[in-house]
Amino acid sequence: MNEDCSERVLAMRAEERYEISVLKKEKMNLLKLIDKKNEEKISLQSEVAKLRRSLAEEYLRYLTERDARKILIGDLNELRYQQEDMSLAQNPAGASLAGVPREDPMKLTLALKMTRQDLTRTQMELNTMKANSGDVVPRRDLEMQEKTNMELQEQLESLRADYEEVRKEHELLLQLHMNTLKERDQFYNELQEIQRTSTPRPDWTKCESIIAGGPERWLVLAEGKNSDQLVDVLLEEIGMGLLREKDFFPGLGFGDAIPPFLRFDGPVKNKKPSKKEVVNLLKDAWKERIAEEQKESFPDFFFNFLERRFGVNEAMAWAYTIFENIKLFRSSEIMNQFYAVLMGKNLESVYINQKETLSHLLKELISVDTQNEGSITMEQFSTILKTNFPLKKEEQIQELMEAVGWGPDSSNSDMLNYRSLFHEDEEGQSEPFVQRLWEQYESEKEAYLEELKQELDLDPLEEVTLLKMRGTLMNMDPTMDKQTLSAYLSQAYQIPAIDVPLEDEERQGIISIKVETALDRLRMADTKRVGPREPEPAS
């Protein structure tokens with residue numbers, strides 16, 4: 001165990017160093033990417049500044065040329081005006097030139113004056129338009145610059161998003177790293193505590209010599225069991241030996257705390273049946289109980305069954321004998337379940353519903369086996385499991401597949417002898433598949449009740465009203481029908497199902513019971529989730 005813990009600590013440290021190195025590499029890559037983008041941004045900014053300087057120089061050159069052009073145009077206009085005045089002065093009034101009709105000088109002077117005014121006004125408008133358009137750039141250049149700007153903005157937003165994502169991942173990795181450090185310290189402290197207080201593992205091979213049947217039988221009994229289970233097996237074997245040595249059981253008397261089928265004063269003979277005989281007797285009792293029309297309490301039925309089977313005089317002896325056997329052999333499924341129902345720890349509906357579930361599953365498998373060969377493919381088996389148990393998670397389906405022999409090298413086309421999954425040995429032990437199915441049922445029930453406890457948010461000794469219990473069950477399991485809801489509330493509050501006031505909220509607020517008591521009563525029954533959980537709202 002010390003070596004295992006040390007290896008786990010070393011493995012966690014190696015994983016931690018690897019995660020840190022990966023994180024550093026990602027951080028360096030991100031910094032390089034950010035530096036590269038910053039360099040591109042600086043380059044673009046410098047290019048824009050250069051273009052702006054060039055544009056300013058061109059604009060100054062343009063202003064200089066415009067002013068020079070204005071002066072030149074003014075000089076040319078003045079020369080033209082002087083030339084026109086001289087030509088008018090040289091030609092006397094009324095004279096004709098080369099057959100050209102003479103014009104009135106006053107009219108020509110007025111027309112010239114108006115034309116000059118129009119030219120001046122046009123020149124001013126032209127200069128105004130040039131001045132107003134001095135800072136205007138061509139639309140094509142503007143659109144190109146806007147497109148470039150948009151692309152840069154998109155790249156910047158993308159980089160910001162990438163940076164934010166990497167930052168969050170970095171924070172998550174840091175948190176994971178801190179959690180890993182805490183787990184490492186916790187494991188280290190546990191290792192130190194184990195090294196200080198642990199004792200050597202027992203040598204279970206020593207049991208081979210004292211168990212009836214020798215090493216071969218011990219290997220069968222010990223296969224696949226942990227130390228705690230091996231202790232139970234050993235206690236059962238020792239108890240079986242002591243039980244066979246007893247010829248009589250002492251009567252327990254007639255007290256109210258004594259179960260009705262054990263109320264007897266005086267010695268009671270030990271019938272000393274084999275384990276196989278007890279299992280067969282319990283199976284017959286279950287068959288008769290299921291077929292029974294007029295239901296009586298299970299303890300009364302059990303004693304009446306023994307009276308019908310062995311007679312009135314022998315019934316008490318068999319009752320004590322069977323009770324001592326099923327109390328001893330807790331590792332036997334059928335004995336353990338019968339004892340739980342007999343002592344009121346479980347309702348018989350738990351066992352009956354389990355058998356009905358297995359029977360329905362077997363019928364589904366048979367319906368798929370069209371050739372009636374007793375075999376189907378692994379893919380068909382997996383599909384039937386998912387169909388019949390829609391609320392099971394993928395990991396649970398995988399556990400059931402592994403229980404029937406599915407492994408890493410298995411294929412969907414591999415054939416499975418499904419009938420063998422439901423066989424029981426002579427001592428009532430089921431195959432691993434059925435055992436795993438029962439274990440999952442128990443764990444699902446505990447998880448459901450634990451969730452109910454958390455949703456109630458009350459101290460175990462506090463009172464919970466039927467109204468609050470009803471609302472909590474419906475919030476947890478929205479698809480639950482009224483019949484199932486009535487059954488759960490009836491079991492928790494010990495009210496007949498037909499008398500549960502589902503529509504009377506005033507009465508629901510009056511009826512109350514301790515949370516701990518309600519959960520214990522629901523644990524006795526066939527309590528399970530009816531429909532899927534509500535999907536969590538998107539963040």
| message | Quick test of your reading: applying side chain to side chain donor-acceptor pair (under 3.5 Å), list the pairs with at least one residue in residues 317-329, sequence neighbours left out, ordered by first then second residue. | response |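 Qualifying pairs: none.
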| request: Provide the closest heavy-atom pair for T377 versus S413 in the form atom of the first, atom of the second, distance. | output: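 Looking at all heavy atoms of both residues, the closest pair is CG2-O, 4.1 Å.
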Less than 4.0 Å between a side-chain N and a carboxylate O, is that true for [Y] and [X]?
X    : Y    : result
E164 : R160 : no
K445 : E439 : no
D520 : R523 : yes
E402 : R436 : no
E462 : K514 : no

[Y] versus [X], side-chain donor and acceptor atoms under 3.5 Å:
X    : Y    : result
Q396 : E444 : yes
Q440 : K392 : yes
D526 : Y488 : no
T180 : E16  : no
Q454 : E450 : yes

| task | Hey, could you give me the CD1/CD1 distance between I326 and I334, rounded to the nearest 0.5 Å? | result |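 The CD1 atom of I334 is 10.5 Å from CD1 of I326, to the nearest 0.5 Å.
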| query | Counting distance only, does the side-chain N/O of T472 pair as donor-acceptor with the main-chain N or O of E455 below 3.5 Å? | reply |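 Side chain of T472 to backbone of E455: no pair is present.
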| query | Any sub-3.5 Å donor-acceptor pair from E19's side-chain atoms to H177's backbone N or O? | reply |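 Looks like no, no N/O pair under 3.5 Å.
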| Sequence neighbours excluded, which residues qualify as ring pair (Phe, Tyr, Trp, His ring centres under 6.0 Å) partners of F302? |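 If we apply the ring pair (Phe, Tyr, Trp, His ring centres under 6.0 Å) test to F302, skipping adjacent residues, the hits are F261, F338.
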| Which word best sums up how the rings of W286 and Y351 line up, parallel for under 30°, tilted for 30 to 60°, or perpendicular for over 60°? |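 Parallel, since the angle between the ring planes stays under 30°.
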